[in-house]
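Convention: sequence-line order gives letters A, B, ...; per-chain numbering from 1.
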Amino acid sequence: AQSVSQHNHHVILSEAASLELGCNYSYGGTVNLFWYVQYPGQHLQLLLKYFSGDPLVKGIKGFEAEFIKSKFSFNLRKPSVQWSDTAEYFCAVNLKAAGNKLTFGGGTRVLVKP
Amino acid sequence: DAGVIQSPRHEVTEMGQEVTLRCKPISGHDYLFWYRQTMMRGLELLIYFNNNVPIDDSGMPEDRFSAKMPNASFSTLKIQPSEPRDSAVYFCASSLGDRSNQPQHFGDGTRLSIL
């Protein structure tokens, strides 16, 4: 079955530390990839997306993600986190042939200690 | 610009009661999605519509759940009868166009508690 896996359920780190969240998918076809963020008590917001071209994608708030096709991965990174980055992060994938339907990973809760 | 609007923001009701959640997508968006978020199961797609027509309802948990989209600016998700295990946050999202690279825009969600 097609799936999206986020390996870390919880991450705790201090301000200024670097962050990397893993995301792997099991689709065999051409995919579009997304990272969404959900701040406490809020709705999901788009951080960044990859459709084609440069596999290194830059998003809002200093986040970036790299698509590695051979590894079926789309890991999210930020060199130096802030307390305000405390949130839950979701990786999402859709098959280009499947229209707008997204499959989300289980999410990673990130807590940044001040 | 107005985003996706959901109502109510919070709903607390007793089991057995009918619950209706409402969503107004972003004007011009032709895709609408209903999701359920729980601690145990994460974010699950329940159903989605394209041009008011249900395309995939395979995520709807059981017959107690139903969703409608009578027009391009309004959708409902109904649970009848409700059960405590339906307690969750229900999100509505919308997107534009028939290309799969369009991001979905989410509403603020309805936090549903069934007692």
* To do: Kindly state whether the ring of B:Tyr35 and the ring of B:Phe91 have centres lying under 6.0 angstrom apart.
  =>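 For B:Tyr35 and B:Phe91, the ring centres are not under 6.0 Å apart.
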* To do: Could you look at B:Met40 and say if it's the side chain, the backbone, both or neither that has a heavy atom under 4.5 Å from chain A?
  =>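 Contact with chain A: none, neither part.
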* At a heavy-atom separation under 4.5 Å, does B:Gln104 approach chain A through its side chain, its backbone, both, or neither? ->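 The answer is both parts of B:Gln104.
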Where does [X] contact chain B at under 4.5 Å (heavy atoms): side chain, backbone, both or neither?
| X | answer |
| --- | --- |
| A:Gln38 | side chain |
| A:Leu46 | side chain |
| A:Tyr50 | neither |

* To do: Quick one: do A:Thr108 and A:Val11 satisfy side-chain contact (heavy atoms from CB on, under 4.5 Å)? Show the steps, please.
  => CA-CA 7 Å; A:Thr108 299; A:Val11 172; 3.8 Å; yes
* Which word best sums up how the rings of A:Tyr36 and B:Phe106 line up, parallel for under 30°, tilted for 30 to 60°, or perpendicular for over 60°? ->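 Perpendicular, since the angle between the ring planes exceeds 60°.
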* Return the orientation label for the A:Tyr25 and A:Tyr27 ring planes: parallel under 30°, perpendicular over 60°, tilted otherwise. =>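 Aromatic pair A:Tyr25/A:Tyr27 classed tilted.
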* Looking only at atom types and distance, does a side-chain atom of A:Thr86 sit under 3.5 Å from a main-chain N or O of A:Leu111, one as donor and one as acceptor? ->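 No.
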